[in-house]
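These notes are about the structure you will find just below.
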Amino acid sequence: MKPLQAAAAQGRNNATAGVYGARLRFWFPIFLFALVLVAYFWRRGEDWRWPELAWAVAALLQAAIRWPHVQANRANQVRIQRVDRLEQWLMFAVFMGLLCLPLLHLATPWFDALDYRLPDGAPWVGAVMMLVSLGYFHRAHVDLGRNWSPSLEVHTEHRLVTQGVYARVRHPMYASIWLFALAQPLLVHNWLTGAFGVLAFGLLYALRVPREEALMLDTFGDEYRAYMQRTGRLWPVPQR
Ligand code: SAH
């Protein structure tokens, strides 16, 4: 068995980690996406638009990249968890803004009154941003490994990761989600189902990052303090 699968199997017998998405089954997102695509072609017919489909493919790939880590995360024994109501509400807003609302927009005409128009080049910029986002999202998951969690957690075997994409940036996964959120309104041209996700993720990011860094400082102390000195949050700092 591969390490991630073994961890997932072990997790079924343990107190499990992860408060978001931990009980999701594999077939459900596949079924949902298939349903949305059928509804999309039903309603748009000949008038289908590649940027909206590109968004759907990117969202599906993002879920596929994360899937094995959600599974593996079940095996983690949580030592500290810092999740409050506000964070849960903001996670819900992000889930709506970056996944549910765009899916509903593809499947139904409910939000069409809030559509906007962009120049023809805009979706191409969005598509390139999506590609970069997915590559970075994948790398961050590989480098963070079992230390990843969807909520703020420290596990019993938690280790500070400072290599790979974490070598010069502290939040590469959030950087990749920023790219996804900013690319989305270039592909899904709607104020609510395209652009709202940027606001939702911006709020979650603003709340979470100081809390996450405080948690890391409480857990790793001087090691994390030194790491903060040589890294930037989303962008590398110039090295002296
Ligand atoms: N903020 C990071 C990680 C997001 S996942 C990024 O954007 O890439 C969130 C979890 O990762 C948190 O619960 C925290 O425990 C853990 N974490 C964050 N930075 C870490 C690091 N450098 N090493 C190990 N775990 C880390």
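Ligands are counted one by one from 1 in listed order, and the atoms in each one are counted from 1 as well.
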Among Met173, Arg146, Glu153, Glu212, the residue with a heavy atom nearest to atom 18 (C) of ligand 1 is Glu212
Is any N or O atom of Tyr227, backbone or side chain, closer than 3.5 Å to an N or O atom of ligand 1?
no
Working to the nearest 0.5 Å, report the span between CD of Glu212 and OH of Tyr174.
3.5 Å
Grab the two heavy atoms, one from Val198 and one from Pro185, that are nearest each other, plus how far apart they are.
CG2-CG, 4.0 Å
Residue pair Glu153 / His158: nearest heavy atoms and the distance that separates them
O-CE1, 3.6 Å
Heavy atom of His158 under 4.0 Å from ligand 1?
yes
Does a side-chain N-to-carboxylate-O contact under 4.0 Å join Glu87 and Arg211?
no
Between the side chains of Asp84 and Arg82, is the shortest nitrogen-to-carboxylate-oxygen separation below 4.0 Å, so that they form an ion pair?
no
Please confirm whether Ser149 approaches ligand 1 to less than 4.0 Å, judged on its heavy atoms.
yes
Nearest non-hydrogen protein atom to atom 24 (C) of ligand 1, with distance, is Arg159 O, 3.2 Å
Any idea which atoms of ligand 1 are less than 4.0 Å away from a heavy-atom of Ser151?
13 (O)
Region of Val154 engaging ligand 1 - heavy atom pairs below 4.0 Å
neither
Regarding ligand 1, does Leu152 bring an N or O atom to under 3.5 Å of one of the ligand's N or O atoms?
no
Looking only at distances, can you tell me whether any N or O atom of Tyr166, backbone or side chain, sits closer than 3.5 Å to an N or O atom of ligand 1?
yes
Trp48/Tyr40 aromatic ring centres below 6.0 Å
no
Interatomic distance, Ser176 atom OG to His171 atom NE2 [nearest 0.5 angstrom]:
12.5 Å
Mind checking whether His155 has a heavy atom under 4.0 Å from ligand 1?
no
Ring centroids only, cut at 6.0 angstrom: are Tyr227 and Tyr224 within range, meaning strictly under it?
yes
Pro150, portion touching ligand 1 at heavy-atom distance under 4.0 Å
neither
Which residue owns the protein heavy atom closest to atom 17 (N) of ligand 1, what's the atom, and how far is it?
Met216 SD, 3.8 Å
Assess whether a salt bridge exists between Glu213 and Arg170, defined as any Lys/Arg side-chain N lying under 4.0 Å from an Asp/Glu carboxylate O.
yes
Protein contact of atom 16 (C) of ligand 1 - nearest heavy atom, named by residue and atom, plus distance
Asn147 O, 3.7 Å
Is any N or O atom of Val161, backbone or side chain, closer than 3.5 Å to an N or O atom of ligand 1?
yes
Below 3.5 Å, N or O to N or O, backbone or side chain included: is there any such pair between Tyr174 and ligand 1?
yes
